[in-house]
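A short write-up of the structure that comes next.
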Amino acid sequence: HDAMVKFGSMPQILVWLGYLELFGFLAIINMQEGKTDRKPGDFGLRGFYPKDAKGQYEMQVKELRNGRLAMLAFSGIVTVGVLTQEK
């Protein structure tokens, strides 16, 4: 982090991430107004996404389980950090 700030690349990263967030926000607005059939989390990246309905359902379940596992892992890391007071 400190090296990137010193090198001057952090503002560029902030700008690019800001663009991504803006496009995501615009997509959410279109979804809420009913202008598209886009579902939350669907960014149109279909490279490895199954074509059939059963395969899509299984992929969505896998994604939910992995997300939940990641949240549990992060909460464990935070809990250990708070209890041991180490960084």
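Since we're looking at a predicted model, the values are computed, not measured.
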Does Val82 share a hydrophobic cluster with Phe74, counting links as ILVMFWY side-chain heavy atoms below 4.5 Å and allowing steps through other members? yes
Where do Leu72 and Arg68 land on the side-chain contact (heavy atoms from CB on, under 4.5 Å) test, with the steps shown first? CA-CA 6 Å; Leu72 285 172; Arg68 290 175 181 156; 5.6 Å; no
CD/Gln12 to CG/Leu17 distance, rounded to the nearest 0.5 angstrom? 10.5 Å
Taking NZ, NE, NH1 and NH2 as the nitrogens, is one of them in Lys54 or Glu58 under 4.0 Å from a carboxylate oxygen of the other? yes
Between atom CG of Leu22 and atom CZ of Phe25, what is the distance when rounded to the nearest 0.5 Å? 8.5 Å
With hydrophobic residues grouped by side-chain heavy-atom distances under 4.5 Å, do Val15 and Met10 end up in a single group? no
Closest approach of Tyr49 and Gln60, non-hydrogen atoms and distance? OH-NE2, 3.1 Å
Which residues satisfy the salt bridge (charged side-chain N to carboxylate O under 4.0 Å, His left out) test with Lys35, sequence neighbours excluded? Glu33
For the student: nearest non-hydrogen atoms of Gln56 and Lys51, plus distance: NE2-O, 3.5 Å
